[in-house]
Structures are given as structure tokens and as C-alpha cells.
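Below is one structure, written out as C-alpha cells; the observations come after it.
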2 protein chains.
Amino acid sequence: MIALIDRLRDRGWRLTAQRRVIAETLTGDHVHLTADEVLARSRAALPEVSRATVYSTLNELVGIGELLEITHPDGRKRYDPNVAERHHHLLCVECGQMLDVRADDPQLPADQRHGFEVLDVEVTFRARCPECATGA
Amino acid sequence: MIALIDRLRDRGWRLTAQRRVIAETLTGDHVHLTADEVLARSRAALPEVSRATVYSTLNELVGIGELLEITHPDGRKRYDPNVAERHHHLLCVECGQMLDVRADDPQLPADQRHGFEVLDVEVTFRARCPECATGA
DNA sequence: GTCCCTGCAAACGTTTTGCACACAG
DNA sequence: CTGTGTGCAAAACGTTTGCAGGGAC
């Protein structure tokens, strides 16, 4: 699996220090960061990163399909670098943490299609994580 | 199927003109309105409805389980009065319209549970509606 | 009469935008 | 050198809140 940063280089992406740091922040499994979290982590590596640059970079990466935008129930968008393998999400409804999971896609019965052409399915398993279960 | 307004009366809900109009707006199948749409439609019936009242009423109804809050990919919350039957959603990714659909719940394989206790599953079929397909 | 709902407007958190400057190619 | 990425600050957007007044029960 080629890292995001390398795929961007291959695309001839204009590589600045800020964009490199942001891309490096968005690496790993089960990474579902908010824009603010990306900003904070990027600044830890390079203080000269602005909020505007984070947002414009995130939107650009989503646009070219190198990043998935997740609509989290808390209302804030999250960014998921795992574009290589189709996956679904396991969400802890108490603390909000998310994990990537594999599961079979559900099918939409023909009599429920309303003439729509189905392109894709998004599945979110709402759950309680071990830590939150212990606390409760 | 008892209408929202009647269920609220049965609960001893304090019934004002504004709340009645808002509840009546949230009636029907395949209704997935934003707060602003609820405001606009409520004002069409009764101009003396404020944004704050709409938001507080929506949040109260969600809290007591008489309304579902949907996280739409456009970032705005939607409100779905169909709490009687579990259902999933069919979304047109071009125009954003949503329909309620019935489909079997997918299962999360045991080796993907990460120790979580699964409570519920949310499924969204991403699709293109007939009108958008014609236009394309 | 009491308590809760109401409207208004201001505050809030997140995301977007306008602009002049700086730097990668 | 040129085009595009950058920071800053302000604006835009959806949502929430504080407060004084009014209406349901």
C-alpha cells in the first residue's frame, strides 16, 4: 500500500512543507480526524500551518479522491485516508470514536428502488466501545 | 398509525400554536426536512414562528424519541418523523433528496467487532434519482 | 397565578473566502 | 519568472443561548 504522500508526488502535486505535513498527519489505520485535529497535529510538526491551508488541502484531497469525507453524527466532518479498500464504520455512540470495519454490503430490494440507480452503500454500526461499556 | 400531534397530546405536551404548526409540518412519508425548511413551512401556516422555537422544538422532539435526526452528507441536520418503523435511506447524491426504504440489516462479522457492543445499524444507499439521471 | 414557551438578537463553532505576499517548479 | 500555495482576518453558515415578556394550563 503506497502512502498518501507518495501518491501525491506521483500526481505531480505541488509539494510544500505545509502540504507534506498535512498529508503525513493523514496516515494510518482507523484515522478519522476533524479539520481542527489535523491542524493541531500538523502544527505540532510545523507551526507555520494555517487553518485556511488545512481546509483547502483537505477539500482538494477529497476532490481528487485521495481522502474520504465522513459525516460524523456530531456534525463535524472527519477525514479518512483509507481510500484503498472499501470499508464501513463502527461508531461508539458515547465517545464518538470510529473504527474501520469490513462487512458485506446490504442489498436494496428491487421493490424499494423507486427508480434510483444505486451507486454505493454506506454502513455505520452504532455501538458502545469497551471503554465506555466499563464506565457505564 | 397515530399522528405526531396526537402522540404529543397524549404525552401531555404543552400545546401552543407554534408547536402545533411545527408538529404538523413534520408529517408524512419521506419527510427529511432541515431546520430552515421546517421554519419556512411553519411560517407559511403561522408567521409568528421564530427560528429559536423551531430549533428548541426539534431538539425536544428528538430527545423524547418522536423525531429522528439524520446526518445528511451536506452537513445540515435533517429531521425524519418516521419513528414507527425502522428503516434505511436512499439518497440521491446529485440533488440530495432522500427516501425511506426497507432493507435487511447487514451483520458485523465477529472478527470485526473490536470488543464493541453493536446497538444498531444505519444504512444509506447512495444513488442517482430518475430526474437527475435524465438530466445527466 | 405559575411555569414554560416565545421572540429577538447576540454568541458560538465550523467552514469558506478575499487579498497581498512568498515560494516551488 | 510564473503560477499557485500561504497566512491572516473577516465573512458565511447552521445552531445555540440569554433574557424579558406572554400565554397554556
Side-chain angles (χ1 to χ4, degrees), chain A residues 4-6 8-26 32-64 66-80 96, chain B residues 5 8-26 32-64 66-80 96:
Chain A
L4 173 57
I5 189 94
D6 295 316
L8 294 175
R9 215 189 318 270
D10 293 348
R11 280 173 179 272
W13 216 52
R14 187 157 187 166
L15 198 54
T16 63
Q18 288 84 344
R19 287 160 83 140
R20 178 181 51 74
V21 167
I22 292 169
E24 284 169 355
T25 298
L26 292 161
H32 306 101
L33 298 170
T34 64
D36 244 26
E37 287 165 347
V38 173
L39 175 64
R41 297 192 188 197
S42 298
R43 278 190 169 159
L46 181 76
E48 296 79 10
V49 177
S50 73
R51 193 177 303 276
T53 298
V54 168
Y55 276 104
S56 86
T57 302
L58 291 175
N59 286 336
E60 191 175 339
L61 292 176
V62 170
I64 63 178
E66 293 289 358
L67 208 52
L68 295 177
E69 189 177 86
I70 300 174
T71 312
H72 193 280
D74 73 359
R76 283 178 296 182
K77 295 177 187 166
R78 312 266 161 165
Y79 297 90
D80 182 342
Chain B
I5 188 95
L8 295 175
R9 213 188 321 267
D10 293 348
R11 279 173 180 272
W13 216 51
R14 189 159 189 163
L15 197 55
T16 63
Q18 288 85 344
R19 287 160 83 137
R20 178 181 51 75
V21 167
I22 292 169
E24 283 168 356
T25 299
L26 292 161
H32 307 100
L33 298 170
T34 64
D36 246 26
E37 288 165 348
V38 173
L39 175 63
R41 298 191 187 197
S42 298
R43 279 190 168 158
L46 181 77
E48 295 79 10
V49 176
S50 75
R51 191 176 305 274
T53 298
V54 168
Y55 276 104
S56 87
T57 303
L58 291 175
N59 285 336
E60 191 176 339
L61 292 177
V62 170
I64 63 178
E66 292 289 358
L67 208 54
L68 296 177
E69 189 177 86
I70 301 174
T71 312
H72 193 280
D74 73 0
R76 283 178 296 181
K77 295 176 187 167
R78 311 266 163 166
Y79 297 89
D80 182 343

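Quick note on labels: first sequence line is chain A, next is B, and so on, each numbered from 1. This one's a predicted model, so the numbers in the text were calculated from it and none came from an experiment.
- A heavy atom closer than 4.0 Å to some atom of DNA chain C occurs in no member of residues 32-45 of chain B.
- Between B:Glu37 and B:Thr25 the shortest side-chain heavy-atom distance does not fall below 4.5 Å.
- In this structure, B:Arg20 atom CZ and C:dC5 atom C1' are separated by 15 Å, rounded to whole Å.
- Contact annotation: the side chain of A:Val62 approaches that of A:Tyr79 to within less than 4.5 Å [non-hydrogen atoms, C-beta and beyond].
- Taking the side chain as every heavy atom from C-beta outward, B:Leu39 and B:Val49 approach each other to under 4.5 Å.
- The closest donor-acceptor contact from the side chain of A:Arg76 to the backbone of A:Ala35 lies at 3.5 Å or more, if one exists at all.
- Residue A:Gln18 contributes atom CD, which lies 14 Å from atom P of C:dA22 at whole-angstrom precision.
- In this structure a side-chain-to-backbone donor-acceptor pair under 3.5 Å is missing from B:Glu48 to B:Gln18.
- Taking the side chain as every heavy atom from C-beta outward, B:Leu61 and B:Trp13 approach each other to under 4.5 Å.
- A:Asn59 has no side-chain polar atom (N or O) that falls below the 4.0 Å cut-off from OP1 or OP2 of C:dT15.
- A salt bridge is defined here as a Lys NZ or Arg NE, NH1 or NH2 lying under 4.0 Å from an Asp or Glu carboxylate O, and B:Glu24 with B:Arg20 meets this definition.
- Within the helix from C:dG1-D:dC25 to C:dG25-D:dC1, the inter-axis angle between the opening and closing five-pair segments is 40°, rounded to 10°.
- Side-chain atoms of B:Arg19 come within 3.5 Å of backbone atoms of B:Arg14 as a donor-acceptor pair (strictly under, hydrogens ignored).
- Between A:Ser56 and A:Thr53, the side chains place no donor N or O within less than 3.5 Å of an acceptor N or O (distance only, hydrogens not considered).
- With contacts defined as side-chain heavy-atom distances shorter than 4.5 Å, the pair A:Asp80/A:Leu67 does not qualify.
- Partners of B:Thr71 by side chain to side chain donor-acceptor pair (under 3.5 Å), not counting sequence neighbours: none found.
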Protein N or O to nucleotides 23-25 of chain C N or O, pairs below 3.5 Å:
from	atom 1	to	atom 2	distance (Å)
C:dA24	N3	A:Arg14	NH2	2.8
C:dG25	OP1	A:Leu15	N	3.4

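- Extent of DNA chain D lying under 4.0 Å from chain A heavy atoms, first and last nucleotide in 5' to 3' order, is D:dG3 to D:dC8.
- Without hydrogens or angle criteria, B:His72 side chain to B:Gly96 main chain gives a donor-acceptor distance under 3.5 Å.
- A heavy atom closer than 4.0 Å to some atom of DNA chain C occurs in B:Glu48, B:Val49, B:Ser50, B:Ala52, B:Thr53, these being the qualifying members of residues 47-58 of chain B.
- Around atom CZ of A:Arg43, more than 12 heavy atoms belonging to other residues, nucleotides or ligands sit under 6.0 Å away.
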